[in-house]
Amino acid sequence: MDVGGTNTDAVVMRGSNLLGQAKITTSENIGSGVREAISAALADAGVRAGAIDAVMIGTTQFTNALVEGRRLSRVGVMRLAAPAGRGLLPLTGWPRMLAEAVNGDVALARGGYNFDGRAISPLDESEIRTIARRFDAKGLRHIAVTSVFAPVNDDMERRAAEIVAKAIPGASVTAGSTIGRLGLLERENAAIINAALIALAEQVVDAYVSALAALGIDAPLYLSQNDGTLMTADAVRALPVLTFAAGQTNSMRGAAGLTGHRNAIVVDIGGTTTDVGVLRHGIPRESSVAAEVGGIRTNFRMPDVLSFGLGGGSVVVEEGGTLRVGPESVGHELTRRALVFGGDTLTATDVAVASGHAMVGEPRHVAALDRRLVAEANETIHRMIEEAIDRMKTSAEPVPVVLVGGGSILLGRPLAGASGVDTPTAAPVANAIGAASAQAGGEVDRVCAYEPLGREHALAQAREEARQKAIVAGAEPDAVEIVDVDEIPLAYLPGNAVRVRVKAIGPLARIVRGATPCA
Amino acid sequence: MRVGIEQITDLSRGAAFLGTGGGGDPWLGALMLEQALTEHGPVELIPREHLSPEGIALPVAMMGAPTVLIEKFPSGDEAAAAVRAIERELGARVEAIACAEIGGINATLPLAIAARLGLPVVDGDGMGRAFPQLQMVTFHVHGNPAAPMVMVDEYDNAVLLNARNDDIERLARHVVMAMGGSAVISLYPMTGTRAREAIIPGTVSQAIAIGAALREGRHSSTGSVSAALECLRDSVHYGHACELFAGRIVDLRRETRGGFAVGEVRITGFDDHHATFEVIFQNENLLARDHTGRVRAIVPDLIVIVDAETGEPITTEGLRYGQRVRVLGVSAPPMLLTPAALEVMGPHAFGLDEPYTALEALQSVNT
């Protein structure tokens, strides 16, 4: 399933075969929306609820809660760093509205590590207990704990989290290192956002679980993460922040699932905008620039997507001899305002129909258009897409392109830079298919000293750890593969210090083993 | 002039521009300054001429590996310990804080430190841009000793280095490692008399002006890039500024060699795909060549790569295949162009064979 702001899509899949689908308007009531979409898709597929092995949901609910500043809990923020760290305190740089909504209390405690694993200061357990009591007295039930260089050593962070959890009955504790990645402030921001969303996550997951129970589906529930892998529903209760940006990721993964491509550029042309992303080893390439969510800089694993204003509804205008397509769009009014639908606005869709490669509306409405204008606009549309593809490529080699979205009718000729263009027929439900075909993953990101153990040993250790994390996340142990190893030598550091990032993914063990035969 | 919270974004963007590809991500520096100014109020920016002859101007900076800087933030008190140590050593009072490097994160940090200490900041710096080593400063060129240099960690442990300028970088690196990979440093303490000769004047306010031009240009028909170039042409200490090339990145080679990010980027023209352009970098951009192999700009002149549309400066680690960029050339402040200065921060100091030729001369050769 894909629960978006506007639509909720559901598909029933067996392996990579699409058995049935449904699209409904997203409901205010989470539980009833899920029930309605799933039962419609099951009916379409002719499959009984009992035959379902697993349910995967991609949702934008948590992202929207943050962006809108709604339904957030106050958070007790603890950083293990003192005496370092006071020069840049937690929540610095947050938009005022969100800082006020989330800031319950901030404490800097002794602790944390240096890059080489030496403690900045030892953890003072009584200090942690004192801070926890202070948080408790303020009624704070959601705590974020972040330690300097926890990606190198998370011992103190875990110990502090244990102490806090014990001192405040019923409290949730988010440890920054569970969200990973170097960059203290970004990691801490992510931990704070996560803590603020936990109460909402409990409600949302409960609603999903009871909706499935009501439908008679007895199967594990997974949610999509932003990197195209899955997490269990119980993991979402603890780490809702990892679901951010899952929508775009699922669209790309769905495109991959529908075409079988593992390395390709995915072009999603909608009514108003086009998103261009890159699939590498079957997962979306991640953005190298810091991701901002709701104006807060974080280190979430965001897909690298280029968005620009071109879609089926883009308005075509000629001003002073220059022709422009978009970014203005008639949007959802396309079927009323475009020329081919009897409207008065020249849109990109009209150009595609006039050029002869799209069959929608009434072609006679565009028959009288100036041929030169049509040819030029058609060329502009193709060139905008080609330029975007070129921007997203990492080398000059032609790459396969997968075209999805309602606006894909705009394209009528081969694209420069593409070795081929695939347009799958089930593209409208690509997001839900992406959720269904997602895999389980695990990631390690840390600074390793290649001396004295040697590079091979250090890398092998990181690979094994990523593999184990993927298995814990639900991957079939025999099918886990390492899809990404990134080594960044660190300037100025001795002992051959290297920042190592390893990512492992594998298909869900439950799906591979086929728990239930299909009805 | 006073620098308050309203100027931070402009300052850090202008400093990224003057960083010529190096100097680090200015984001954390901007946030540290935001916190310091929120707690202590605006900082006074004074012209170098306002320094009293015997008062000490003290350059301060962060030294260390970028990866450590993004994890372990300073306590904020390190600079106070450095000032105490320097005053004890010299038997004189520190009157103002100075910037050693106006490019990147070290442009904002001295202002945060000055706000905490209640001291003014000298409007100027020792590089007029970013450079990778401690001796690549006008303070050194003008014969000032880097010593006594003080390095301070989060415990206020202060290490005093009394060493020759030529050895101090090597020694300081060992101390930085022992301090956990990053330290607040102060070096080249100068009396007002010496500082008036050795500091490149006006570069802090210039960075703010460049940042403002980039911001305002976005909302006008001029565009950010033209606005920034215009602003530099009007400045006293940069002068010549032009667009060298515009196009998209088609090749990027990068490796770490001897602790530096070394590489080159190739760009082809938007319209003319045969026109290519190449920029060679070592942390900072060092040399730009056109398709005929002719040098079009060379260090210490500034070679700045910006986003073609927004004018946002791009650091060497932020460069990527396919990016639409503009390559800008800006002539270095005259203080970097004397024979003595070129020996320390000219092409040969970076192992380049080409001699230094002024940016203006390289453009006029071109048809």
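- Minimum heavy-atom separation, A:Ser121 to B:Tyr155: CB-OH, 3.1 Å.
- The part of A:Ser147 that comes within reach of chain B is its backbone (N, CA, C, O), which places non-hydrogen atoms under 4.5 angstrom from that chain.
- With values rounded to the nearest 0.5 angstrom, A:Leu88 atom CG is found 12.5 Å from B:Ile70 atom CD1.
- When side chains are defined from C-beta on, B:Phe73 does not count as touching A:Val148, because their heavy atoms never get closer than 4.5 Å.
- Ion pairing between a basic and an acidic side chain is recognised when a charged N comes within 4.0 Å of a carboxylate O; B:Glu71 and A:Arg187 show such pairing.
- With rounding to the nearest 0.5 angstrom, the CZ atom of A:Arg391 is 5.5 Å from the CZ atom of B:Arg324.
- Closest approach of B:Glu39 to A:Leu89, counting heavy atoms only: OE2-CD1, 4.0 Å.
- The local environment of CZ in A:Arg110 is sparse, with at most 12 non-hydrogen atoms from other residues, nucleotides or ligands closer than 6.0 Å.
- The candidate from B:Gln323, B:Arg116, B:Lys72 with the greatest count of non-hydrogen atom pairs under 4.5 Å with chain A is B:Lys72.
- The minimum heavy-atom distance linking A:Arg118 with B:Met179 is given by the pair NH2-C, 4.0 Å.
- Annotation: side chain of B:Phe270 is not in contact with side chain of A:Glu387 (no heavy-atom distance under 4.5 Å).
- Interface residue A:Ala84: backbone and side-chain heavy atoms are both found under 4.5 Å from chain B.
- Among A:Ala150, A:Gly93, A:Gly183, the residue with the largest count of heavy-atom pairs under 4.5 Å with chain B is A:Gly183.
- Distance CZ/A:Arg86 to CE/B:Met32: 13.5 Å, rounded to 0.5 Å.
- Proximity to chain B involves both the backbone and the side chain of A:Ile120, based on heavy atoms less than 4.5 angstrom apart.
- The CG atom of A:Leu184 lies 9.0 Å from the CG atom of B:Leu28; values are rounded to the nearest 0.5 Å.
- Looking at B:Asp251, there are no atoms closer than 4.5 Å to chain A (heavy atoms on both sides), in backbone or side chain.
- Across all non-hydrogen atoms, the minimal contact from A:Pro83 to B:Ser75 is O-CB, 3.0 Å.
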